[in-house]
Amino acid sequence: MVSSIQIVGRILPYAIAYTIPLLVTALGGLYSERSGVTNLGLEGLMLVGYFASALTIRMTEQTLLEAALPLGLLMGVLAGALFSMLHAFASINLKADQVISGTAINMLASALTVYLARTIAGSGNVRIMLGIVRRDIPLLSDIPGLGTLFFTQSYWSTWVALAVWGASWFLLYKTSFGLRLRACGEHPSAVASAGVNVYKMRYFGVGMSGALAGLGGSIILVTYSGEFNGTVAGLGFLSIAALIFGQWKPLGILGATFFFGTATTIANVSQVIPQLGVIPPVFFKVFPYVVTLLALVAFSKRSAAPKAVGEPF
C-alpha cells in the first residue's frame, strides 16, 4: 500500500513543473492588466514563444549543445514581447476593443506558427533533441522532508521563474515605477496629470505580458514537451483564470497556479495511483475550473481587478 506521503512525493515534482509555465504567463497578464490593458491573447503569446524557442534550439543544439537551451528561452521571450506589440498598438494607439484584439492575437498566432513550422521544418511539429535535465539541488536536497519534496529532481528553469516572480513582486509593490504602473490601471487621468506617460507605461505592461508568456511557452518546450506541436493546450486561458482567481496579486497568483498545476497533475496520473484510480479523471480535470467559478461568484463584490482595466485612454 502506497502511503499519502509517497503519493505527494510522486506528484509534487510534476505539479511544480506544470505550475511554472502557468505562473510566469499569469505574471505577464498581471503586468498588462495592472497597467490597464486587458490581455486575452496570452494563449497566442505563449504559442509564439513556444515556436520561436523550438526553432532556435533545433537550429543551434548541434553546435551550441546545452548552451542552446538558454538561448532558446531568450528567443521565446523576445518573440513573445515583439508579437505583443500588435496587441499594444491596437489597444493603446488605435483604442480598439481589447477583448477582440486579444482574441485576434490568439487566432493569428495559432495559424502563423503552424504555417511557419510546416514551411521551415516540413511538418507542423518542431522536435528538439535537448531538454533541461532534472537535478538535485546540492545541500538543500538533503533537508529532511522539504528537501525531498522541493529540491530533488528539479529543473533550473523553475528557479528562474521563481526569481522572476520575486522580482515582479518587488518591482510592482516596492518601487515608484511599480506604483505608477499600477496607478495607470486605476486612475490613468490622474497619473497623466502628474506627468506620467500612460501610453509608455501601458506599452511596458503589454510588452512584459508578451515576454513572460513567451517564456512560459518556452519552458513547456524544454521541460516536459520536447517539441512544438501547434498548441499549448489552453494553458494561456488557464493562466488568465489563475490571474483572476489570484485577485491580480503576485502571491495570490502563485497559490492559484500551484493549485491548478496540482489539480491537473493529479488528473493526469490518477489512473496509475490505486487510491485515486477509483475516481473518474474527469472530476479532477473540471475541479479547478469549478472552484474558480465558485470563487468568482463568492468574491465578485470584493474583486481586486484594476478599475480602469479594459478602458482606452
Side-chain angles (χ1 to χ4, degrees), residues 17-29 31 39 41-88 105-135 154-165 167-168 206-236 239:
Y18 198 85
T19 296
I20 292 304
L22 291 174
L23 175 62
V24 292
T25 304
L27 279 177
Y31 276 99
N39 193 348
L42 295 180
E43 179 93 357
L45 296 173
M46 286 186 78
L47 201 56
V48 169
Y50 192 15
F51 169 74
S53 182
L55 188 62
T56 301
I57 294 174
R58 177 167 175 169
M59 295 174 63
T60 60
E61 60 186 354
Q62 292 185 350
T63 54
L64 298 181
L65 302 179
E66 289 193 3
L69 297 176
L71 177 62
L73 293 181
L74 177 61
M75 291 305 296
V77 169
L78 293 176
L82 290 174
F83 203 75
S84 69
M85 291 298 100
L86 295 174
H87 181 55
I105 289 292
N106 291 331
M107 297 174 66
L108 178 60
S110 178
L112 182 62
T113 53
V114 171
Y115 171 75
L116 290 176
R118 290 178 177 175
T119 302
I120 298 172
S123 70
N125 293 7
V126 180
R127 180 178 293 274
I128 63 173
M129 302 303 295
L130 294 177
I132 297 178
V133 179
R134 295 193 297 172
R135 292 187 173 92
S154 63
Y155 299 105
W156 59 256
S157 57
T158 297
W159 306 105
V160 171
L162 291 176
V164 170
W165 175 82
S168 297
V206 176
M208 283 297 292
S209 73
L212 293 179
L215 177 61
S218 301
I219 289 176
I220 292 173
L221 172 75
V222 298
T223 53
Y224 60 83
S225 172
E227 69 172 0
F228 170 81
N229 54 15
T231 178
V232 291
L235 293 187
S239 298

Worksheet entry | Closest non-hydrogen atom pair, Leu42 against Gly29 | CD1-CA, 4.0 Å
Discussion item. Strictly by salt bridge (charged side-chain N to carboxylate O under 4.0 Å, His left out), give each pair with a member in residues 156-165 just once, sequence neighbours left out.
Written reply: none
Item to complete: Using side-chain contact (heavy atoms from CB on, under 4.5 Å) as the criterion, list what pairs up with Leu82, not counting sequence neighbours.
Response: none
Worksheet item: Can you name the nearest heavy-atom pair linking Leu212 to Val164, along with the distance?
Response: CD2-CG1, 3.7 Å
Worksheet entry | Rounded distance (nearest 0.5 Å) linking atom CZ of Arg118 with atom CG of Asn125 | 9.0 Å
Worksheet item: Taking only residues two or more places apart in sequence or in another chain, which ones pass side-chain contact (heavy atoms from CB on, under 4.5 Å) with Ile132?
Response: Leu69, Tyr155, Trp156, Ser157, Val222
Worksheet item: Considering all heavy atoms of both residues, which atom of Gly216 and which atom of Pro21 are nearest to each other, and what is their separation?
Response: O-CB, 3.6 Å
Practice prompt. For side-chain contact (heavy atoms from CB on, under 4.5 Å), just list the numbers for Phe83 and Leu108, CA-CA rounded to whole Å, side-chain angles, deciding distance to a tenth of an Å, and then say yes or no.
Written response: CA-CA 10 Å; Phe83 203 75; Leu108 178 60; 3.8 Å; yes
Worksheet entry | N/O donor-acceptor pair under 3.5 Å between Thr119 side chain and Tyr115 backbone | yes
Worksheet, complete the sentence: Scanning both residues in full, the closest heavy-atom pair of Ser110 with Leu47 reads CA-CD2, 3.5 Å
Fill in: salt bridge (charged side-chain N to carboxylate O under 4.0 Å, His left out) against Glu66, all qualifying residues, sequence neighbours excluded
none
Fill in: Summary of salt bridge (charged side-chain N to carboxylate O under 4.0 Å, His left out) pairs that have at least one residue in residues 54-65, sequence neighbours excluded
none
Worksheet item: Is there a side-chain hydrogen bond (donor to acceptor under 3.5 Å, both in side chains) between Tyr50 and Ser225 once you walk through the steps?
Response: CA-CA 10 Å; Tyr50 192 15; Ser225 172; 2.6 Å; yes
Worksheet item: Which pairs pass side chain to side chain donor-acceptor pair (under 3.5 Å) with one or both residues in residues 73-83, sequence neighbours excluded?
Response: none
Discussion item. Keeping Thr25 on the side-chain end and Leu22 on the backbone end, is there a donor-acceptor pair under 3.5 Å?
Written reply: no
Worksheet item: Taking only residues two or more places apart in sequence, or in another chain, which ones meet Arg127 in a salt bridge (charged side-chain N to carboxylate O under 4.0 Å, His left out)?
Response: Glu227
Worksheet item: If you measure from CD1 on Ile120 to CG on Leu55, what distance do you get to the nearest 0.5 Å?
Response: 5.0 Å
Worksheet entry | Non-neighbouring partners of Ala79 that pass side-chain contact (heavy atoms from CB on, under 4.5 Å), sequence neighbours left out | Val48, Ala52
Worksheet item: What closest approach, in Å, do Ile57 and Gly72 show between heavy atoms, and which atom pair accounts for it?
Response: CG1-CA, 3.8 Å
Worksheet item: Near Met85 CE, under 6.0 Å, is it more than 12 heavy atoms from other residues, nucleotides or ligands?
Response: yes
Worksheet entry | Residue pair Leu221 / Ser53: nearest heavy atoms and the distance that separates them | CD2-OG, 3.5 Å
Item to complete: Determine yes or no for a side-chain-to-main-chain donor-acceptor pair under 3.5 angstrom, with Asn106 supplying the side chain and Gly44 the backbone.
Response: yes
Worksheet item: What residues form a side-chain contact (heavy atoms from CB on, under 4.5 Å) with Ser84, not counting sequence neighbours?
Response: Leu45, Val206
Discussion item. Which residues pass the side-chain hydrogen bond (donor to acceptor under 3.5 Å, both in side chains) test with Ser218, not counting sequence neighbours?
Written reply: none
Item to complete: Could you give me the CA-CA distance, side-chain angles and deciding distance for Leu162 and Leu23, then say whether side-chain contact (heavy atoms from CB on, under 4.5 Å) is met?
Response: CA-CA 9 Å; Leu162 291 176; Leu23 175 62; 4.1 Å; yes
Discussion item. Going by the rule side-chain hydrogen bond (donor to acceptor under 3.5 Å, both in side chains), which residues pair with Thr158 if we only count those two or more places apart in sequence or in a different chain?
Written reply: none
Worksheet item: Taking only residues at least two apart or on different chains, which pairs with a member in residues 51-76 satisfy ring-ring contact (aromatic ring centres under 6.0 Å, His included)?
Response: Phe51-Phe228
Worksheet item: Do Val160 and Leu73 have side-chain heavy atoms sitting under 4.5 Å apart?
Response: no
